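What follows is a set of notes on a single structure, which appears directly below.
Atoms within a ligand are numbered from 1 in the order they appear, just like the ligands themselves. Only this structure's heavy atoms are used, side chains among them; waters, hydrogens and symmetry mates stay out. Remember, it's a predicted structure, so these values are computed and weren't measured experimentally.
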Amino acid sequence: MIRLIILGAPGSGKGSQCKWIKEDYNVPHISTGDILRKNIAEETKLGIKAKSFIDKGELVPDELVIDLLKNRLEENDCKERGFLLDGFPRTLSQAEALDEYLNEKGISIDKVINLHVPDEEIMVRAINRRTCENPECKEIYHLVYNPPKVDGVCDKCGSKLFTRKDDNEETVRNRLHVYHEQTEPLIKYYTEKGILATVIGQEKFEDTVALVKAVL
Ligand code: ADP
Ligand code: ZN
């Protein structure tokens, strides 16, 4: 049982780190971005509300994501094995709502990993990112550093790769701005709680893995 949060700017490589952490620690990986995108694809009420914000690179309103997250944490896998939060919290009020929820349950977060990558590096990465459309797979490729063997096709499952609508230059720039304004204050928040560890994201995936392992 472990309860983790991974913080990092959009495109910092959080998602890729989460993939091995969830396997190694047998912990449910909860990405609010993935849950929101699934709701958009299924055209749920939540999805319809969230879509316009996501497409512009803005944050979805706190009350929507807080509810969504609390519902997810109520599921059995989280009760039994904990959680790895990816993309939540993203604002101070989300962090406070999470703390309040955990306090009520008498549980706490073990560690917050702050994955740091410079903005310029993130811009290059996001524009080159391709994601597997298979929701069971979601493998991430980089056209330069980690290209698929066949253009546009996932090596792992053969599904099509796509470019997320929010992975274009203007939207990425906006998401970075939003990150600095709204999410970066969480670094101080969790540092003061004594549970934050910063890892500098490396160019090579394996190098970052080694650094994350060292802090976990
Ligand atoms: P990235 O980390 O690359 O930005 P995510 O998949 O985490 O991608 O999120 C995509 C989008 O979903 C965000 O830009 C935002 O609009 C929305 N989103 C995800 N998580 C949250 C959250 N905790 N609070 C508000 N909006 C969120
Ligand atoms: Zn795939």
**Prompt:** Backbone, side chain, both or neither: what part of Arg125 comes under 4.0 angstrom of ligand 1, heavy atoms only?
**Reply:** neither

**Message:** Is it the case that the side chain of Arg90 and the backbone of Leu59 share a donor-acceptor pair, with hydrogens and angles ignored and the cut-off at 3.5 Å?
**Reply:** no

**Message:** Under 4.0 Å, counting heavy atoms only: does Arg37 come that close to any atom of ligand 1?
**Reply:** yes

**Asked** Quick one: does ligand 1 sit under 4.0 Å from the side chain of Leu36, the backbone, both or neither, non-hydrogen atoms only?
**Response** side chain

**Prompt:** What protein heavy atom is closest to atom 8 (O) of ligand 1, reported as residue, atom name and distance in Å?
**Reply:** Arg164 NH2, 3.1 Å

**Asked** Do Leu68 and Ile35 have side-chain heavy atoms sitting under 4.5 Å apart?
**Response** yes

**Item:** Arg175 side, atom CZ; Ile54 side, atom CD1 - distance, nearest 0.5 Å
**Value:** 9.5 Å

**Prompt:** Counting no waters, what protein N/O/S atoms lie under 2.8 Å from the Zn ion (ligand 2)?
**Reply:** Cys132 SG, Cys137 SG, Cys154 SG, Cys157 SG

**Asked** Just which atoms of ligand 1 are under 4.0 Å from any heavy atom in Gly11?
**Response** 3 (O)

**Message:** Among all the protein's non-hydrogen atoms, which is closest to atom 12 (O) of ligand 1, and how far away is it?
**Reply:** Ile54 CD1, 3.5 Å

**Request:** Please confirm whether Lys51 makes a cation-pi placement over Phe53, using NZ or CZ under 6.0 Å from the six-membered ring centre and within 45° of the ring normal.
**Result:** no

**Request:** Can you sort out which atoms of ligand 1 are near Gly87, meaning under 4.0 Å from one of its heavy atoms?
**Result:** 20 (N), 21 (C), 22 (C), 23 (N)

**Message:** Looking at Asp77 and Arg72, is there a salt bridge between them, counting it only when a charged N and a carboxylate O are closer than 4.0 Å?
**Reply:** yes

**Prompt:** Less than 4.5 Å apart, any side-chain heavy atom of Ser31 and any of Phe88?
**Reply:** no

**Request:** For Glu136, look at atom CD and say whether over 12 heavy atoms of other residues, nucleotides or ligands are found less than 6.0 Å away.
**Result:** no

**Prompt:** Hey, does Ser31 come in under 3.5 Å of ligand 1, counting only N/O atoms on both sides?
**Reply:** no

**Prompt:** Side chain or backbone of Leu59 under 4.0 Å from ligand 1, or both, or neither, by non-hydrogen atoms?
**Reply:** both

**Request:** Name all pairs fulfilling the salt bridge (charged side-chain N to carboxylate O under 4.0 Å, His left out) condition that reach into residues 103-119, sequence neighbours left out, sorted by first residue then second.
**Result:** Glu74-Lys105

**Request:** Report, in ascending order of atom number, the atoms of ligand 1 lying under 4.0 Å from any heavy atom of Lys14.
**Result:** 2 (O)

**Item:** Closest protein heavy atom to atom 26 (N) of ligand 1, given as residue, atom name and distance to 0.1 Å
**Value:** Val60 N, 3.0 Å

**Taking atom 3 (O) of ligand 1 as the reference point, the nearest protein heavy atom with its distance** = Arg175 NH2, 2.7 Å

**Prompt:** Charged N to carboxylate O below 4.0 Å: is that the case for Glu169 and Arg173?
**Reply:** yes

**Message:** Main chain of Asp99, side chain of Asn103: is a donor-acceptor contact present, judged purely on distance under 3.5 Å?
**Reply:** yes

**Message:** Show me which atoms of ligand 1 lie under 4.0 Å from any heavy atom of Pro10.
**Reply:** 1 (P), 2 (O), 3 (O), 4 (O)

**N-O pairing of Asp167 and Arg130 below 4.0 Å** = no

**Message:** Could you work out, for atom 5 (P) of ligand 1, the closest of Gln182, Glu58, Gln94, Arg90 by heavy-atom distance?
**Reply:** Arg90

**Request:** Any atoms of ligand 1 less than 4.0 Å from a non-hydrogen atom of Arg129? List them with their elements.
**Result:** 3 (O)

**Prompt:** If you measure from the Lys or Arg side-chain nitrogens to the Asp or Glu carboxylate oxygens, is any gap between Asp34 and Arg37 under 4.0 Å?
**Reply:** yes

**Message:** Between Thr191 (side chain only) and Ile187 (backbone N and O only), is there a donor and an acceptor less than 3.5 Å apart?
**Reply:** yes

**Asked** Is any side-chain N of the basic residue among Glu121 and Arg125 closer than 4.0 Å to the acidic one's carboxylate O?
**Response** yes

**Distance-only N or O hit between ligand 1 and Asp34, under 3.5 Å** = no

**Atom indices of ligand 1 within 4.0 angstrom of Thr32 heavy atoms, with elements** = 19 (C), 20 (N), 21 (C), 23 (N)

